[in-house]
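The block underneath contains the structure these notes are about, expressed in structure tokens.
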Amino acid sequence: MTKPDPTPSIQRRPSDDDVLLTLRGVVKHYPIKHGIIFKTEIGRVRAVDGVELTVRRGETLGLVGETGCGKSTLARCITRLFPLTAGSIVFDGQDISRLSRRELRPYRRQVQMIFQDPYGSLNPRRRIGSIIGDPFAIHGVADGAERKRRVQELMELVGLNPEHYNRFPADFSGGQRQRIGVARALALRPKLIVCDEPVSALDVSIQAQIINLLEGLQDEFNLTYVFIAHDLSVVEHVSDRVAVMYLGKIVELADRDQLYGQPRHPYTNALLLAGSIADPDRARARRRIILTGDVPSPVDPPSGCRFHPRCPKAQQLCFDTEPQLQPEPGDPVEHATACHFPVAPGEDLTVLTPGIGSAVDQPTEG
Ligand SMILES: Nc1ncnc2c1ncn2[C@@H]1O[C@H](COP(=O)(O)OP(=O)(O)OP(=O)(O)O)[C@@H](O)[C@H]1O
Ligand code: SF4
Ligand SMILES: [Mg+2]
């Protein structure tokens, strides 16, 4: 959502000054426990499993991937809603990955989150003036008449009528409730907002209004967004760069036009083509790779490349060795792909569809 840059961003590496957020080897595992009294750990959900990512000042970084691939968990890692299992997060030059709850307070002012569900995230028994004013109360920023003035200013900013200060969430439509969420996120003038499916629960016409609002606010306050969505066309519309996530890892990262125009990872190809089923012309042409099978369990992810059981290009190397996220020869330096056999320009994966995974010699039992 940034203004066009005369120097194409894919031609240059970001300097430290450009980078707002850096994730290095970020891991979040949820323990699976068994037993009522002596709870023993019997496994782990590897929801986020070694994520490398940078987010630049003023950009919108889109994050896409199938359900359960770890997008929301990664969002919670960034906002430090829980401790990381491993890895580091550097925000504006400061490592925030090991800070205590108290030490995190200044960070919490600078990084906010907008959630998918504008119904569930608002307490129905509280007036919206008080809900939007929460960040002021929590951080002791303003109170009394000053707080009310600031809240009403925020309401106006996000397109709500300030006179509705004393109404309850039930008095507002879905789109208006998401505006309440945006106002609350904006209260402390954060630098980064992590938007976790902010428009997924809204009608298409309302989605456009909320996206326009977010774009306008980004320009006005020089905000940086991490924007998570299922809808690939929404992500294409809002993002400067896009990261594709699969089973806890980033498998491809590129400038938006580069990623949508020349996807290199077979999973990105499959996602984009599956997404285009909504387009009747493309669907009629039946040129799509079908993402066969379920996403494997993050409790016991596949060896080597985690996509190998579903990949039409899988070979033995994919089964044995995990590919690293890196630029492929000929690609712009900032287009990184984690694949041993990336998709070549013009390569048609649909002809390989029936052979998904069949090129791999699966180990035999016993
Ligand atoms: N609190 C938790 N305890 C245990 N497992 C969890 C917890 N939260 C998420 N998971 C698991 O971690 C994995 C990643 O979940 P996450 O919600 O991060 O995915 P997601 O990409 O946001 O999915 P969706 O697109 O459906 O929102 C899933 O297998 C999920 O079941
Ligand atoms: S070709 Fe191999 S490394 Fe690349 S996505 Fe397919 S299975 Fe993974
Ligand atoms: Mg989610």
Side-chain angles (χ1 to χ4, degrees), residues 26-33 41-49 51 62-79 81-83 85 113-117 120-121 194-198 200-201 226-232 235 243-252 263-271 289 291-326 328 336-344 347 349 352-353 355-362:
V26 170
V27 174
K28 179 65 190 180
H29 292 173
Y30 299 110
I32 307 168
K33 297 201 168 150
E41 187 175 316
I42 55 164
R44 287 173 156 227
V45 182
R46 298 166 188 274
V48 169
D49 213 13
V51 163
L63 183 63
V64 294
E66 284 167 288
T67 184
C69 71
K71 303 180 296 297
S72 295
T73 303
L74 188 60
R76 292 192 183 99
C77 289
I78 293 171
T79 46
L81 290 183
F82 44 42
T85 305
M113 203 158 162
I114 299 172
F115 298 93
Q116 169 177 356
D117 182 6
S121 59
V194 180
C195 310
D196 190 357
E197 311 251 10
S200 306
V226 172
F227 194 101
I228 299 170
H230 272 102
D231 187 330
L232 291 160
V235 171
V244 180
M245 202 168 175
Y246 187 76
L247 266 184
K249 291 191 178 281
I250 304 297
V251 296
E252 187 162 9
R264 298 284 261 150
H265 198 284
Y267 178 62
T268 312
N269 269 262
L271 267 188
I289 308 164
L291 269 172
T292 53
D294 294 329
V295 181
S297 164
V299 177
D300 186 19
S303 64
C305 171
R306 293 178 177 200
F307 188 53
H308 84 247
R310 303 169 82 196
C311 181
K313 297 194 69 168
Q315 301 195 27
Q316 187 63 42
L317 178 63
C318 311
F319 190 90
D320 296 332
T321 310
E322 186 178 343
Q324 299 305 306
L325 186 65
Q326 59 193 15
E328 291 301 323
T337 312
C339 177
H340 295 304
F341 307 104
V343 181
E347 185 178 354
L349 293 194
L352 299 172
T353 302
I356 280 180
S358 62
V360 176
D361 295 329
Q362 302 286 349

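Nothing here was measured: the structure is a model prediction, and the numbers come from that model. Below, all heavy atoms of this structure are taken into account, side chains as well, without hydrogens, waters or symmetry copies. Just so you know, ligand 1 is whichever comes first in the structure, and atom 1 is the first atom listed for that ligand.
Salt bridge annotation for E347-R264: absent, with no cationic side-chain nitrogen under 4.0 angstrom from a carboxylate oxygen. Between R46 and D300 there is no salt bridge, since no side-chain nitrogen of the basic residue lies less than 4.0 Å from a carboxylate oxygen of the acidic one.
Counting heavy atoms from C-beta on, the side chains of R306 and D49 come closer than 4.5 Å.
Among protein heavy atoms, atom 27 (O) of ligand 1 sits closest to S72 OG, 3.9 Å. Atom 11 (C) of ligand 1 has V45 CG1, 3.7 Å as its closest protein atom, hydrogens excluded (heavy atom only). Annotation: atom 19 (O) of ligand 1 to nearest protein heavy atom, G70 N, 3.3 Å. Here the heavy atom of the protein found nearest to atom 10 (N) of ligand 1 is Y30 CE1, 3.4 Å. Protein heavy atom closest to atom 18 (O) of ligand 1, with residue, atom name and distance, is T73 OG1, 2.5 Å.
For the residue pair T337/E328, the side-chain donor-acceptor check at 3.5 Å is not satisfied.
For H340 (side chain) and Q316 (main-chain N/O), no donor-acceptor pair under 3.5 Å exists by modelled atom type. Here the side chain of K33 pairs no donor or acceptor atom with the backbone of E41 at under 3.5 angstrom. Of the possible polar contacts, none joining the K28 side chain to the A47 backbone as a donor-acceptor pair under 3.5 Å is found. The closest donor-acceptor contact from the side chain of T321 to the backbone of G304 lies at 3.5 Å or more, if one exists at all. No side-chain donor-acceptor contact under 3.5 Å links D231 to the backbone of S200.
Both the backbone and the side chain of T67 come within 4.0 Å of ligand 1, counting heavy atoms alone. Using a 4.0 Å cut-off between heavy atoms, M245 makes no contact with ligand 1 at all.
The nearest protein heavy atom to atom 24 (P) of ligand 1 is closer than 4.0 Å. Under the 4.0 angstrom criterion, atom 30 (C) of ligand 1 counts as lacking any protein heavy-atom contact.
Applying the 4.0 Å criterion to heavy atoms of H230 picks out, from ligand 1, the atoms 25 (O). Near P298, with a cut-off below 4.0 Å to any heavy atom, the atoms of ligand 1 are 29 (O). Short contacts between ligand 1 and A47, defined as distances under 4.0 Å to a heavy atom of the residue, involve ligand atoms 12 (O), 13 (C), 14 (C). Ligand-side atoms of ligand 2 in range of H265: 5 (S), range being under 4.0 angstrom from any heavy atom.
No heavy atom of Q116 sits closer than 4.0 Å to any atom of ligand 1.
Taking distances strictly below 2.8 Å, the protein N/O/S atoms close to atom 2 (Fe) of ligand 2 are C318 SG.
With distances taken over non-hydrogen atoms, the option nearest atom 14 (C) of ligand 1 out of G68, C69, G65, P31 is G68.
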| request: Mind running side chain to side chain donor-acceptor pair (under 3.5 Å) on T73 and Y30 for me, showing each step along the way? | output: CA-CA 10 Å; T73 303; Y30 299 110; 2.9 Å; yes

### Task
Check the pair E66 / H230 against side-chain contact (heavy atoms from CB on, under 4.5 Å), numbers first and verdict last.
CA-CA 7 Å; E66 284 167 288; H230 272 102; over 6 Å; no

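Considering NZ of K313 and SG of C318, their distance stands at 9.0 Å, rounded to 0.5 Å.
Between H265 and F307, the angle of the ring planes lies from 30° to 60°, which puts this pair in the tilted group.
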